Participant: 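Mind having a look at this structure? Questions to follow.
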Amino acid sequence: MRYSRDMIGYGPRTPDPQWPGNARIAVQIVINYEEGGENSVEHGDAASEAFLSEIIGCQPWPGQRHWNMESIYDYGARAGFWRLHRLLKDVPVTVYGVATALERAPEQVAAMQEAGWEIATHGYKWIDYRDIPREVEAEHIARAVELHTRVTGERPRGFYQGRTSMNTVGLGCEEGGFEYLADTIADDLPYWHVHNGKPQLMVPYTMDANDMRFSSGQGFGTGVEFFDYLRDSFDVLYAEGEAGAPKMMSIGLHCRLAGRPGRAMAVKRFLDHARNHEGVWFATRLDIARHWAGTHPWQPRPRPSQMERAAFVETFGGIYEHSPWIAERVWDGEMGAIHDTAAGLAARMAQVFRSASDEERLAVLLAHPDLAGKLAAAKRLTADSTAEQASAGLDSLTDAERAEFDRLNTAYVEKHGFPFIIAVRDHDKPGIMAAMRRRIDNDTATERVEAERQVSRIGALRLQQMLGSN
């Protein structure tokens with residue numbers, strides 16, 4: 001089974017985004033323009049809208065217009081947009097514009113363009129695509145791009161569907177004209193997603209630093225709470241940037257929500273807070289996407305989870321000495337992005353080794369050669385074992401050292417029934433000799449546990465050599 005989700009991302013060491021001016025943080029503000037694109041019988045839908053409004057617990061009205069719901073959306077277009085525009089007209093902003101909503105908002109679109117804001121597509125209609133057939137959603141994306149282009153004069157370069165289906169991201173990749181997709185909340189930095197062998201840049205969005213939580217029972221109750229959350233998010237990310245790991249902060253606003261007076265004040269206070277710091281880059285999502293693509297272009301890398309079985313076993317079958325069955329079982333099990341790193345693949349191989357029978361694990365131990373033994377002298381070690389023993393100087397022993405290794409190897413095997421095993425890359429020659437003398441006196445049960453631990457450690461070091469430390 002191939003697991004599609006990437007559960008490792010950048011891992012513990014995030015890349016330096018190298019934001020312009022060596023900024024410590026990139027702040028990205030989104031205004032969602034959905035008013036006039038929501039569910040409504042006047043828009044040809046089966047029922048009224050019931051999502052992201054002041055009406056808690058609202059349900060769709062089949063076949064009927066919902067006056068209060070429509071009025072809430074109307075407020076966003078009539079008043080909320082203009083309040084946010086006055087606050088943010090001098091700030092780089094990305095608008096997520098629903099195509100049918102933009103078509104019904106010529107003055108708002110003109111104001112967006114006059115402010116120099118990016119207008120990305122928020123899909124054709126502001127509806128839930130969860131159960132929409134793939135071909136219908138694909139048609140809607142194409143119609144969104146076409147209508148967006150007619151309304152604004154240029155095609156959108158970014159795409160955020162919002163109320164997604166399982167097909168949305170794939171369809172966005174396949175459309176072919178988007179410089180970034182935003183239907184992800186998986187990171188604090190952009191990242192490359194591969195779909196059908198082709199890379200697509202993802203610029204993550206946010207559900208937490210988002211005014212949509214004013215319409216949620218577990219969300220913000222007042223503008224003060226919203227500001228506090230935005231400030232704290234900014235302060236943590238800014239501190240990470242000062243420490244050498246800059247990030248991106250996304251903020252999501254809606255005209256009918258943050259455009260209300262008591263909430264707009266939170267936006268103003270946040271702007272004042274952010275502007276009081278040096279090294280803050282306010283940017284559109286397209287600015288960020290183009291910067292990332294130029295600074296961190298897609299780089300193909302080995303992906304063990306995507307290899308064919310035969311190639312995988314050929315490549316990794318020797319990680320555990322003369323035991324390709326471990327690689328076979330790894331490939332036959334669940335594999336995903338987490339196993340495309342040295343540490344992740346090593347952990348999976350160790351898990352398979354530990355779950356094997358006692359007889360199988362013992363066979364792995366017996367497959368290991370003696371240190372500086374007859375096989376080494378005859379140059380009959382595997383390439384990995386040859387390199388490992390040479391790294392500790394075991395290929396250049398004095399006669400006395402070789403005799404002592406032979407004596408210890410023989411005594412160890414006679415007592416425990418398997419060769420002495422140690423990850424030699426962790427030790428030098430004197431350290432290995434000392435470990436042999438110390439461990440030979442262990443009881444066999446204790447030594448069996450230690451030998452198996454060393455086998456897994458050897459595998460991890462070999463994978464690190466092959467795939468790098470990340």
Side-chain angles (χ1 to χ4, degrees), residues 4 30-47 49 51-52 73 77 93-106 108-110 112-113 117-186 190-205 252 254 284-290 293 298:
S4 64
V30 167
I31 292 179
N32 292 266
Y33 197 88
E34 299 155 353
E35 288 73 15
E38 78 280 3
N39 281 287
S40 170
V41 294
E42 274 202 323
H43 300 160
D45 300 304
E49 186 56 72
F51 192 53
L52 292 188
Y73 275 78
V93 165
T94 291
V95 176
Y96 287 162
V98 175
T100 51
L102 295 177
E103 186 180 32
R104 296 183 172 104
Q108 292 91 334
V109 169
M112 297 171 195
Q113 293 177 320
W117 293 349
E118 175 204 0
I119 309 177
T121 186
H122 198 357
Y124 182 63
K125 299 184 69 174
W126 178 230
I127 61 175
D128 191 345
Y129 281 90
R130 178 183 60 182
D131 297 321
I132 299 293
R134 192 180 198 278
E135 62 274 14
V136 174
E137 185 176 5
E139 179 191 353
H140 278 206
I141 292 172
R143 291 169 70 181
V145 171
E146 188 275 332
L147 180 55
H148 185 111
T149 303
R150 279 196 283 114
V151 170
T152 69
E154 57 183 339
R155 70 152 288 147
R157 296 297 175 182
F159 171 46
Y160 177 71
Q161 187 82 286
R163 297 161 80 175
T164 60
S165 75
M166 63 180 290
N167 302 308
T168 299
V169 170
L171 290 171
C173 294
E174 293 165 20
E175 196 277 340
F178 296 121
E179 295 187 44
Y180 71 89
L181 305 183
D183 279 302
T184 174
I185 50 177
Y191 63 90
W192 292 98
H193 168 74
V194 179
H195 176 75
N196 291 341
K198 295 182 179 180
Q200 172 67 61
L201 186 62
M202 308 294 288
V203 180
Y205 189 44
H254 297 74
T284 68
R285 299 179 78 76
L286 187 58
D287 291 335
I288 290 171
R290 288 176 172 172
W298 165 248

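The structure displayed is predicted, hence computed values, not measured ones.
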Participant: Taking R285 for its side chain and Y180 for its backbone only, find out whether a donor-acceptor pair lies under 3.5 Å.
Facilitator: no
Participant: What pair of heavy atoms forms the shortest contact from A120 to G158, and how long is it?
Facilitator: CB-O, 3.5 Å
Participant: Donor-acceptor pair, N32 side chain versus H254 backbone, under 3.5 Å?
Facilitator: no
Participant: Would you mind reporting whether E154 and T149 have side-chain heavy atoms less than 4.5 Å apart?
Facilitator: no
Participant: Would you please say whether a donor-acceptor pair under 3.5 Å links the side chains of E137 and T168?
Facilitator: yes
Participant: Quick one: do T284 and V93 satisfy side chain to side chain contact (heavy atoms under 4.5 Å, CB included)? Show the steps, please.
Facilitator: CA-CA 5 Å; T284 68; V93 165; 5.9 Å; no
Participant: Does the side chain to side chain contact (heavy atoms under 4.5 Å, CB included) test come out yes or no for M112 and L102, once each step is laid out?
Facilitator: CA-CA 11 Å; M112 297 171 195; L102 295 177; 4.1 Å; yes
Participant: To the nearest 0.5 Å, tell me how far R130 CZ sits from M166 CE.
Facilitator: 13.5 Å
Participant: Atom CD of E146 and atom CD of E139: how far apart are they, to the nearest 0.5 Å?
Facilitator: 11.5 Å
Participant: Can you see which heavy atom on G162 is nearest to which on D183, and at what distance?
Facilitator: N-OD1, 2.9 Å
Participant: Side-chain contact, heavy-atom cut-off 4.5 Å: V169 with T164?
Facilitator: no
Participant: Taking only residues two or more places apart in sequence, or in another chain, which ones meet Y205 in a ring-ring contact (aromatic ring centres under 6.0 Å, His included)?
Facilitator: Y96, Y160
Participant: Is there a donor-acceptor pair under 3.5 Å between the side chain of E175 and the backbone N or O of G177?
Facilitator: yes
Participant: Taking the side chain as every heavy atom from C-beta outward, state whether Y129 and H140 have any atom pair closer than 4.5 Å.
Facilitator: yes
Participant: To the closest 0.5 Å, what do you measure between CG (L181) and SG (C173)?
Facilitator: 5.0 Å
Participant: Which heavy atom in P204 sits nearest to a heavy atom in A186, and how many Å separate them?
Facilitator: CB-N, 4.4 Å
Participant: Identify the two heavy atoms, one from L201 and one from A289, that lie closest to each other, and give their separation to 0.1 Å.
Facilitator: CD2-O, 3.4 Å
Participant: Go through E179 and R290 one step at a time and tell me if the side chain to side chain contact (heavy atoms under 4.5 Å, CB included) criterion holds.
Facilitator: CA-CA 8 Å; E179 295 187 44; R290 288 176 172 172; 2.7 Å; yes
Participant: Salt-bridge test for R134 and E174: reply yes if a basic N is under 4.0 Å from a carboxylate O, no otherwise.
Facilitator: yes
Participant: With sequence neighbours left out, what residues match T152 under side-chain hydrogen bond (donor to acceptor under 3.5 Å, both in side chains)?
Facilitator: none
Participant: Taking atom CD1 of I119 and atom CG of L286, what is their separation to the nearest 0.5 Å?
Facilitator: 12.0 Å
Participant: Can you tell me how far CG of L147 sits from NZ of K125, rounded to the nearest 0.5 angstrom?
Facilitator: 12.0 Å
Participant: Mind listing the closest non-hydrogen atom pair of F178 and G172 along with its distance?
Facilitator: CD1-O, 3.5 Å
Participant: I'd like to know if the side chain of T100 reaches the main chain of Y124, judged simply by a donor and an acceptor atom lying under 3.5 Å from each other, with no hydrogens or angles considered.
Facilitator: yes
Participant: Do Y33 and Q108 get their side chains close enough for a donor-acceptor pair, meaning under 3.5 Å?
Facilitator: yes
Participant: Flag the pair H148 / R155 as yes when at least one side-chain heavy-atom distance between them is below 4.5 Å, and no otherwise.
Facilitator: no
Participant: List the residues meeting ring-ring contact (aromatic ring centres under 6.0 Å, His included) with Y191, not counting sequence neighbours, and say none if there are none.
Facilitator: none
Participant: Which label fits W126 and H122: parallel for a plane angle under 30°, tilted from 30 to 60°, or perpendicular past 60°?
Facilitator: tilted
Participant: Would you indicate whether the side-chain heavy atoms of Q200 and H195 approach each other to under 4.5 Å?
Facilitator: no
Participant: Do I141 and Q161 touch side chain to side chain, with heavy atoms closer than 4.5 Å?
Facilitator: yes
